[in-house]
Amino acid sequence: MARTVAPAYDPQLIEPKWRSAWKQAGLFSASDSRDKPKFYNLVMFPYPSGPLHMGHFRNYVIGDAFARYKVMRGFNVLNPFGWDAFGLPAENAAIKSGIPPRVSIERNIAISKHQLDIMGVLYAWDRELATCNDDYYRWTQWLFLKLYDLGIAYKRRAAVNWCPKDNTVLANEQIVNGVCWRCGTKPTKKELDQWFFKITAYAQRLLDDLSKLDRWPERVKVMQANWIGRSEGAELEFAVEGQERLRVFTTRPDTVYGVTFMVIAPEHPLAARIVTPDRRQEVDDYLEKTRSETEIERLSTEHEKTGVFSGAYAINPFNQERVPIWVADYVLATYGTGAIMGVPGNDSRDFEFAKKFDIPIREVVSPTPEPQGDPTSPMELGLAEGFMVASGRYTGRPSREAMPEIIAEAERRGVGQKTVTFRLRDWLISRQRYWGVPIPIVYCPDEGIVPVPREQLPVVLPPNVEFRSDGQNPLEHAEAFVKTSCPRCGKPARRETDTMDTFVDSSWYFLRYTSPNQLTEPFDKAKADFWMPVDQYIGGIEHAILHLLYSRFFMKVLFDAGMVSVDEPFNALFSQGMIQRNGAVMAKSKGNGVAPDDMVRTYGADTARVYELFIGPPELDAEWNDRGVDGVARFLNRLWRLVVGEEDDRPGAAATGNSVAGEALLRKLHETIDKVSRDLDGFRFNTAVASLMEMTNLMQDYIQGGGERNHDWDSACREMTRLLAPFAPHLAEELWHRLGGETLCAFSTWPEPDPKRLQRRTVTVVVQVDGRLRDRIELPAGAGEEEAKQSALKSANVSRALEGRSPRRIVYVPDRLLNLVSR
RNA sequence: GCGGCUGUGGUGAAAUCGGUAAACACGCCAGGUUCAGGGCCUGGUGAGCGCAAGCUCUUGGAGGUUCAAGUCCUCUCAGCCGCACCA
């Protein structure tokens with residue numbers, strides 16, 4: 001057991017008392033009334049995976065402190081909480097242990113709720129939701145049907161990423177570093193009929209509107225922009241000998257004269273059609289090989305180019321040259337047109353390919369108007385712009401100028417046009433798993449795909465299913481669930497057994513909080529209009545793409561459908577860093593977690609909270625230091641003793657000559673009010689705590705210097721208590737009460753700094769000679785340059801540094817600095 | 001490869017507008033305390049030189065702009081994160 005700082009006050013005694021007081025008084029029970037400005041404060045809801053540790057709590061403490069601050073600032077604060085309760089871990093646990101997901105989830109929720117409670121983290125619990133409850137997921141189904149009606153939800157056969165361990169498909173966003181984001185297994189390819197959301201239809205808006213999000217972290221916006229991956233270029237059409245045509249996408253139409261070969265992806269439909277008989281066997285072998293080797297080979301970092309000649313040729317529409325068409329897996333079927341023009345003279349991948357297969361390499365862009373010469377070892381691959389080489393009538397022109405002309409020529413001649421391509425793919429939402437929202441679709445032998453009528457929602461997830469060790473979806477074997485009748489014709493039909501990706505659940509939960517008991521629709525539009533957008537969203541960086549992109553997409557769809565009045569869900573976003581301990585991110589699996597329960601027992605909730613906020617800049621990762629907690633405990637104890645008045649009779653507390661006047665005390669108080677307010681507005685909790693510590697230290701100097709517990713002192717104590725309230729709310733409440741506060745401190749008004757108190761009569765001005773610090777002088781505030789100069793010249797240090805020279809120039813920053821320039 | 005972030009004492013860090021580098025805290029050292037230990041209190045604590053006054057150096061590195069640079073500019077090194085055969 002680490003040695004700890006014994007409390008001077010007893011958190012165990014005071015903390016529970018104030019927690020019930022807040023609940024009774026309805027702190028954070030948001031009303032929909034408009035008498036105060038609204039503030040929607042939201043922390044990302046968690047997956048209830050078991051006991052929380054202090055790493056998780058950074059998010060909740062930040063959110064709680066900020067919400068409390070906003071209440072004191074006079075806002076009508078909505079600060080709700082819920083549970084992202086569907087998902088694989090609970091189902092996998094069920095397969096192992098036999099405990100049904102709903103049971104383990106409910107147990108975990110109860111544990112987490114208790115932990116939040118003892119940490120003094122409070123929410124609008126009357127708005128609590130869990131995505132696995134049918135009064136929530138029926139509306140997720142309702143929204144699916146809405147998207148189906150809008151043509152945004154659709155089903156198609158597609159080669160999808162399949163995780164063989166989790167036995168389900170994955171969205172592109174869920175392949176992280178080439179492996180399944182959950183279990184780390186390398187996915188394989190599978191052809192399946194799957195449900196998608198047409199997020200690509202929103203690609204441009206999702207990209208454009210990032211510029212509206214000026215209170216989002218830059219890195220999150222950059223990650224989203226990269227993920228959306230907009231590329232401007234052109235599609236060019238090459239005639240293939242015979243009847244076929246081959247369309248390629250290129251961002252560099254200006255390099256079209258450098259084409260010496262074409263490549264199509266193995267999955268490209270032309271691959272089957274254009275191959276000449278003599279090449280058939282070799283091409284089929286290659287297609288077979290790329291299919292079986294799947295992503296594993298393709299994703300290896302130093303993947304050597306492979307490919308096979310199809311036997312067919314294409315005609316370059318610009319120079320009429322005949323170029324061979326190859327099949328190679330370095331071209332992706334899912335991007336652009338699934339085919340490229342090979343320009344080895346300017347593209348490093350094409351260069352590599354051409355080298356390997358002895359395809360001619362031709363210089364096409366040169367950094368100078370003259371050709372560089374030896375094109376077999378071009379040093380300037382990937383040249384963004386330059387001068388065109390061997391490019392017909394464009395030769396010698398700057399490529400940047402020629403590019404639009406080439407596109408225009410292609411359009412005129414009907415062999416291509418300007419296009420924009422995105423990396424973003426449609427969102428695959430089908431999951432072949434049990435513990436999720438059933439997709440409300442019925443398959444009828446006659447009618448085909450039939451949506452479940454809205455009045456029949458929810459399609460209830462059957463509670464009693466058999467969890468199979470072969471990993472198959474239990475729903476497929478739940479006869480009572482699968483067998484149904486067609487809603488249109490009444491004939492026997494089968495239900496869809498896929499469930500939805502849990503990211504669908506979390507794409508709209510922030511709307512449900514605004515009217516959690518709405519019985520007739522997912523949310524009440526008037527209430528959503530009142531509360532949305534979320535004013536401050538707080539969560540981990542791991543959701544930079546997935547959740548935050550999907551939620552933005554949903555919001556735009558609902559906006560277009562007239563269901564909401566704003567098209568971005570989160571006005572300001574804060575991504576907090578992770579807490580590490582012993583060199584690793586705090587995690588249950590690493591065994592380095594610190595339990596909030598232990599912290600509360602040893603130090604009390606307030607110390608744990610303040611330490612989490614003091615640990616470092618909240619947006620950066622921070623290392624948990626067990627001893628650092630003691631420092632915070634000391635601070636709170638000292639403040640307690642000072643305010644409660646136990647300081648006088650302590651031994652060693654004799655006057656030390658550190659005399660602090662009442663005026664100085666009040667000036668520091670108002671400086672602290674000013675600083676803490678600005679720090680809270682800017683999410684700088686660490687420096688806010690530091691300035692509270694500074695003020696406490698000064699209060700101690702005041703008392704030890706014999707300062708009286710007079711009116712000034714009382715005022716300092718009272719305002720300090722209010723400043724402390726968002727950080728250490730229990731302690732603040734107890735002090736507030738002892739200072740005679742009649743209502744709760746949590747509801748009291750945030751103090752304002754008094755500008756008169758911030759003024760100083762005298763200021764310390766730094767004196768430099770030739771830019772080097774030589775002395776400090778005391779001057780009346782607002783003193784003029786001449787006065788400052790005269791005063792400075794009296795300084796022995798200054799005259800020594802001047803060595804008899806007189807200043808040739810004087811730089812004077814009033815109340816701050818005087819620089820005498822003598823050289 | 002592309003994009004982003006971060007480099008400041010023994011440690012976590014601060015410096016909000018180009019104006020006192022190292023606030024606050026941990027740790028360490030010394031002293032005090034009806035001081036067992038712990039706690040509490042006081043003082044010290046970037047490096048070097050000096051008895052001292054003081055001087056010099058110091059924000060990953062190298063240049064530059066400026067009266068003045070942790071902060072702005074150019075180049076560069078290291079670490080972390082994201083994306084990655086995206087045409």
Side-chain angles (χ1 to χ4, degrees), chain A residues 3-8 176-178 217-223 225-227 229 231 233 248-252 255 263 298-299 301 303 305 328-332 334-343 347-350 352-353 382 421-423 541 544-545 611 614-617 619-632 634-635 637-638 641 647 650-654 656 658 675 678-679 682 684 686-687 689-694 697 700 704 764-774 776 796-797 800-801 807-811 813 816-823:
Chain A
R3 292 191 303 205
T4 57
V5 176
V176 177
N177 294 328
E218 195 57 32
R219 65 171 163 160
V220 173
K221 289 193 280 185
V222 167
M223 280 164 78
N226 289 344
W227 188 262
S231 284
V248 298
F249 173 71
T250 178
T251 53
R252 297 300 303 276
T255 64
V263 183
R298 279 185 155 192
L299 287 165
T301 33
H303 183 235
K305 297 272 183 296
D329 69 356
Y330 84 93
V331 170
L332 306 176
T334 50
Y335 185 77
T337 61
I340 61 151
M341 56 184 209
V343 186
D347 183 284
S348 57
R349 297 152 301 184
D350 296 345
E352 213 183 296
F353 190 78
T421 300
F422 294 93
R423 281 189 36 194
I541 189 70
I545 295 174
Y611 179 64
F614 184 58
I615 193 167
E619 68 277 11
L620 300 182
D621 289 354
E623 174 78 19
W624 184 275
N625 177 355
D626 292 320
R627 302 226 240 193
V629 182
D630 284 339
V632 169
R634 272 181 211 131
F635 155 59
N637 283 328
R638 187 180 309 151
R641 288 193 309 267
E647 202 63 25
R650 294 201 68 78
T656 57
N658 243 332
K675 170 90 171 129
R678 282 183 293 121
D679 280 351
R684 291 181 293 266
N686 53 328
T687 49
V689 172
S691 61
L692 291 173
M693 288 172 167
E694 279 186 54
N697 293 345
Q700 176 141 318
Q704 289 186 342
T764 305
V765 170
V766 169
V767 182
Q768 294 179 338
V769 175
D770 297 322
R772 296 183 154 275
L773 174 68
R774 291 304 174 193
R776 281 154 213 191
N797 272 355
R800 181 160 4 102
R808 292 169 41 195
R809 188 178 155 195
I810 291 177
V811 179
V813 183
R816 295 209 74 152
L817 172 140
L818 179 72
N819 190 3
L820 305 174
V821 185
S822 72
R823 291 176 204 271

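In what follows, every chain begins at residue 1, and chains take the letters A, B, ... in the order their sequences are listed. Any value given below was found using the heavy atoms of this structure, including those in side chains, with hydrogens, waters and symmetry copies removed.
Only the C1' atoms considered, B:G43 is 23 Å distant from B:G48, to the nearest whole Å. Nucleotides B:U11 and B:G61 place their P atoms 15 Å apart, quoted to the nearest Å. Taking the C1' atoms as reference points, B:G46 lies 15 Å from B:G27, given to the whole Å. With P as the reference atom, B:A53 and B:G38 are 34 Å apart, rounded to whole Å. Rounded to whole Å, the separation between the P atoms of B:U8 and B:A23 comes to 16 Å. As rounded to the nearest Å, B:G12 and B:G63 have P atoms that lie 28 Å from one another. B:A25 and B:A13: their C1' atoms are spaced 8 Å apart (whole Å). Nucleotides B:A78 and B:C24 place their P atoms 37 Å apart, quoted to the nearest Å.
For the residue pair A:Asn637/A:Arg634, the side-chain donor-acceptor check at 3.5 Å is not satisfied.
Remark: P of B:A84 and CG of A:Asp329 are 16 Å apart, rounded to the nearest angstrom. Taking atom CZ of A:Arg800 as the reference point, atom P of B:C55 lies 6 Å away to the nearest angstrom. Rounded to a whole Å, the CD1 atom of A:Ile340 is 11 Å from the P atom of B:A87. Between A:Gln700 atom CD and B:C40 atom P the separation is 10 Å, expressed in whole Å. Note: CG (A:Asp621) to P (B:G79) measures 18 Å, nearest angstrom. Between the CH2 atom of A:Trp624 and the C1' atom of B:U11 there is a distance of 17 Å, given to the nearest Å. As rounded to whole Å, 13 Å separates atom P of B:G38 from atom CG of A:Asp630. In this structure, A:Asp347 atom CG and B:A84 atom C1' are separated by 14 Å, rounded to whole Å.
A:Arg774 has a side-chain polar atom (N or O) that falls below the 4.0 Å cut-off from OP1 or OP2 of B:C55. Taking only side-chain nitrogens and oxygens, A:Thr421 never comes nearer than 4.0 Å to OP1 or OP2 of B:A87.
Map A:Thr250 and A:Ala801 each onto its nearest nucleotide of RNA chain B; the residue landing nearer the 5' end is A:Ala801. Across the interface with RNA chain B, nearest-nucleotide mapping of A:Leu620 and A:Asp770 shows A:Leu620 to be the residue nearer the 5′ end.
The distance from atom CG of A:Asn697 to atom CZ of A:Arg638, rounded to the nearest 0.5 Å, is 5.0 Å. Rounding to the nearest 0.5 Å places CD1 of A:Ile340 at 4.0 Å from CG of A:Asp350. Annotation: the span from A:Glu218 atom CD to A:Met223 atom CE amounts to 12.5 Å, rounded to 0.5 Å. In this structure, CG on A:Leu692 lies 10.5 Å from NZ on A:Lys675, to the nearest 0.5 angstrom. Note: A:Leu820 CG to A:Asp770 CG = 8.5 Å, rounded to the nearest 0.5 Å. Atom CZ in A:Arg423 sits 7.5 Å away from atom CG in A:Asn226 (nearest 0.5 Å).
Under the 90° criterion around 0 for the glycosidic angle, B:G9 counts as syn. Annotated as syn: B:C17, whose O4'-C1'-N torsion sits within 90° of 0.
Shortest non-hydrogen contact noted between A:Thr251 and A:Ser231 is CG2-CB, 3.9 Å.
When A:Asp626, A:Val632, A:Asp630 are each tested for a side-chain contact (heavy atoms from CB on, under 4.5 Å) with A:Tyr611, only one passes: A:Val632.
Of the candidates B:A13, B:G27, B:G3, B:G3 carries the atom nearest the A:Asn226 side chain, counting heavy atoms from C-beta on. Relative to the side chain of A:Arg423, the nucleotides B:A14, B:A87, B:C83 differ in distance, and B:C83 lies closest.
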Which parts of nucleotides 16-25 of chain B does protein reach within less than 4.0 Å, heavy atoms only, written one letter per nucleotide 5' to 3' as B for base, S for sugar-phosphate only and - for none? B--BB--BBS

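Residue A:Ile545 is out of contact with every strand shown, counting any heavy-atom pair closer than 4.0 Å. Counting non-hydrogen atoms under 4.0 angstrom, A:Arg219 reaches the backbone sugars and phosphates but no base.
Judged by the 6.0 Å distance and 45° axis criteria, A:Lys305 is not positioned over the aromatic ring of A:Phe353.
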Whenever both distances are under 3.5 Å in a Watson-Crick or G-U wobble pair, mark it; put RNA chain B into dot-bracket that way, with [ ] for crossing pairs and | when the partner is on another strand. (((((((..(((......[....)))(((((((.....)))))))((((....))))..(((((..]....))))))))))))....

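Partners of A:Arg678 according to the salt bridge (charged side-chain N to carboxylate O under 4.0 Å, His left out) rule, which considers only residues two or more places apart in sequence or in another chain, are A:Asp674.
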